[in-house]
Amino acid sequence: MIEAKNLSKYYGSFVAVQDISFTIPEGQIVAFLGPNGAGKSTTMKILSGYLGASAGTAAIAGLDVRRDRLSMSRRLGYLPENGPLYQNMTPLELLRFFGEARGLDRLRLSDRLDYVIDRCSLHEALEKPIDKLSRGNKQRVGLAQALLHDPDVLIMDEPTAGLDPNQIRDFRQDIRLLGQTRTVLLSTHILQEVDLIADRVLLINEGRLVFDGPPDDLRRDGSLEASFYALTGHGGEAGE
């Protein structure tokens, strides 16, 4: 459902991503890890069609993200780190706007609004201006817009960043439930999330993929942190 083949991205002499390849099958939840500046966000932007690759190809549900961008976008829900939220709108206004922009007819949009409002627990926030919402509710609005058109694939960049512990717990539960019917790729700076939600880990360092496998295979001496530090050559924490 997600395919990257020899992806590279250059900014002049700077190499952001170098020759990355992986394939993610249907129904898998994959955590994308790496230190600051490793190339995670760049890779996810290329996969979503937001950014063009300098070399290589990417596909969502078998559709090339450059040649078949419109068809691909119907299969993909994308939640960037700072979601596309218009702060002066209410969640209901924003979701209706995105639904109409995606060409959903009135009946389909009504059905999907009911689903995402319930799925993302937005009932109490629907009529409040988005700029008055908590960080957690803003993330839920962002997730609702990503789910509105019923995509097969979800790509999420740091979806739990800035949330409090209760919000993080709730959001993880949402991701696990969504992973039962969709393919999910999410970046995270919280290694604990790998254990709690991921079937597989992609670890990137200095623009290159340095690990691809299940969380249990990433452990070194029983510690994800030790393996992360060893593979990235860092003494600091995982991050974006």
**Q** Taking side chain as C-beta onward, heavy atoms only, is I24 less than 4.5 Å from E3?
**A**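 Counting from C-beta outward, I24 and E3 never come under 4.5 Å.
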**Q** Taking atom OH of Y115 as the centre, does the number of heavy atoms from other residues, nucleotides or ligands within less than 6.0 Å exceed 12?
**A**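 Enclosed: over 12 neighbouring heavy atoms sit under 6.0 Å from OH of Y115.
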**Q** So with a 6.0 Å cut-off around OH of Y10, is the heavy-atom count from everything else above 12?
**A**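 Counting other residues, nucleotides and ligands, OH of Y10 exceeds 12 neighbours.
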**Q** Can you find a heavy atom in the side chain of S48 that is under 4.5 Å from one in the side chain of L76?
**A**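 Sidechains of L76 and S48: in contact.
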**Q** Could you check whether any side-chain N or O of S110 sits under 3.5 Å from a backbone N or O of L107, counting only pairs where one atom can act as donor and the other as acceptor?
**A**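 No, S110 side chain to L107 backbone: no donor-acceptor pair under 3.5 Å.
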**Q** Give the minimum heavy-atom separation between M44 and L185, together with the two atoms involved.
**A**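 Between these two residues, the closest heavy atoms are CE-O, 3.7 Å.
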**Q** Could you walk me through whether T183 and L154 pass the side-chain contact (heavy atoms from CB on, under 4.5 Å) test, one step at a time?
**A** CA-CA 6 Å; T183 302; L154 282 175; over 6 Å; no
**Q** Quick check: closest heavy atoms across R219 and S227, and the distance to 0.1 Å?
**A**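 Of all heavy-atom pairs spanning R219 and S227, the closest is C-OG, 3.0 Å.
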**Q** Is there a side-chain contact between L148 and L113, using heavy atoms and a 4.5 Å cut-off?
**A**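 Side-chain contact under 4.5 Å: yes.
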**Q** Would you mind reporting whether D174 and R119 have side-chain heavy atoms less than 4.5 Å apart?
**A**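 Touching, per the 4.5 Å side-chain cut-off.
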**Q** Are any of the side-chain nitrogens in D212 or R200 under 4.0 Å away from the carboxylate oxygens of its partner?
**A**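 Judged by the 4.0 Å cut-off on N to carboxylate O distance, D212 and R200 do form a salt bridge.
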**Q** If you compare all heavy atoms of L79 against all heavy atoms of P159, which two are closest, and at what distance to 0.1 Å?
**A**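 Between these two residues, the closest heavy atoms are CD2-CB, 4.3 Å.
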**Q** Taking the inter-plane angle between the rings of F98 and Y86 on a 0 to 90° scale, is it parallel (under 30°), tilted (30 to 60°) or perpendicular (over 60°)?
**A**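 The rings of F98 and Y86 lie parallel, inter-plane angle below 30°.
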**Q** So M156 and V184, do their side chains get closer than 4.5 Å, heavy atoms only?
**A**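 Yes, their side chains come closer than 4.5 Å.
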**Q** Considering non-hydrogen atoms only, spot the tightest contact between L209 and L203 and give its length.
**A**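 Closest approach of L209 to L203: CD1-O, 3.5 Å.
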**Q** Taking it one step at a time, do Q192 and R172 satisfy side-chain contact (heavy atoms from CB on, under 4.5 Å)?
**A** CA-CA 11 Å; Q192 184 185 17; R172 287 172 180 163; 3.7 Å; yes
**Q** Checking side-chain contact (heavy atoms from CB on, under 4.5 Å) between I2 and each of T23, V30, I60, which is the one that passes?
**A**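 That would be I60; it is the only one of T23, V30, I60 passing the side-chain contact (heavy atoms from CB on, under 4.5 Å) with I2.
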**Q** Measuring only between side-chain heavy atoms, which start at C-beta, is R182 closer than 4.5 Å to D150?
**A**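 Side chain of R182 against side chain of D150, heavy atoms only: contact under 4.5 Å found.
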**Q** How about P151 and R75: do any of their side-chain heavy atoms sit closer than 4.5 Å?
**A**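 Of all side-chain heavy-atom pairs linking R75 with P151, none is under 4.5 Å.
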**Q** Could you give me the CA-CA distance, side-chain angles and deciding distance for V201 and L33, then say whether side-chain contact (heavy atoms from CB on, under 4.5 Å) is met?
**A** CA-CA 7 Å; V201 179; L33 300 179; 3.7 Å; yes
**Q** Run the salt bridge (Lys or Arg N to Asp or Glu O under 4.0 Å) test on K45 and D157 for me, step by step, so that the C-alpha distance in whole Å, both residues' side-chain angles and the decisive distance to 0.1 Å come before the verdict.
**A** CA-CA 9 Å; K45 288 176 181 177; D157 196 356; over 6 Å; no
**Q** Hey, are D19 and S8 close enough side-chain-wise for a donor-acceptor pair under 3.5 Å?
**A**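 No, no side-chain donor-acceptor pair sits under 3.5 Å.
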**Q** Is any NZ, NE, NH1 or NH2 atom of the basic residue among D64 and K5 found under 4.0 Å from an Asp or Glu carboxylate oxygen of the other?
**A**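 Here D64 does not pair with K5 in a salt bridge, since their nearest N and O are not under 4.0 Å apart.
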**Q** Would R74 and D68 pass as an ion pair if we require N to O under 4.0 Å?
**A**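 Between D68 and R74 there is no salt bridge, as every charged N stays at least 4.0 Å from the carboxylate O atoms.
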**Q** Side-chain contact, heavy-atom cut-off 4.5 Å: V141 with L122?
**A**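 Counting from C-beta outward, V141 and L122 do come under 4.5 Å.
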**Q** Roughly how far apart are E158 CD and F32 CZ, rounded to 0.5 Å?
**A**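 These two atoms lie 11.5 Å from each other.
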**Q** Of all residues at least two apart in sequence or in a different chain, which pass the side chain to side chain donor-acceptor pair (under 3.5 Å) check with E26?
**A**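 Listed in chain order: nothing, the list is empty.
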**Q** Do E193 and T188 have a side chain donor and acceptor closer than 3.5 Å?
**A**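 A donor-acceptor contact under 3.5 Å links the two side chains.
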**Q** Give a yes or no on whether a salt bridge exists between K138 and D131, defined as a side-chain N under 4.0 angstrom from a carboxylate O.
**A**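 Salt bridge flag = no for D131 with K138.
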**Q** Quick check: closest heavy atoms across F228 and P35, and the distance to 0.1 Å?
**A**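 The answer is CZ-N, 3.7 Å.
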**Q** Roughly how far, to the nearest 0.5 Å, is CD1 of I130 from CG of L85?
**A**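 Interatomic distance, L85 CG to I130 CD1, rounded to 0.5 Å: 5.0 Å.
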**Q** Decide whether S41 and E81 meet the rule of one side-chain donor and one side-chain acceptor closer than 3.5 Å.
**A**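 There is no such pair (donor and acceptor under 3.5 Å, judged by atom type) between the side chains of S41 and E81.
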**Q** Which pair of heavy atoms, one from L133 and one from P91, lies closest together, and at what distance?
**A**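 Of all heavy-atom pairs spanning L133 and P91, the closest is CD1-CG, 3.8 Å.
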**Q** Could you walk me through whether M1 and D152 pass the side-chain contact (heavy atoms from CB on, under 4.5 Å) check?
**A** CA-CA 8 Å; M1 294 298 285; D152 304 298; 3.5 Å; yes
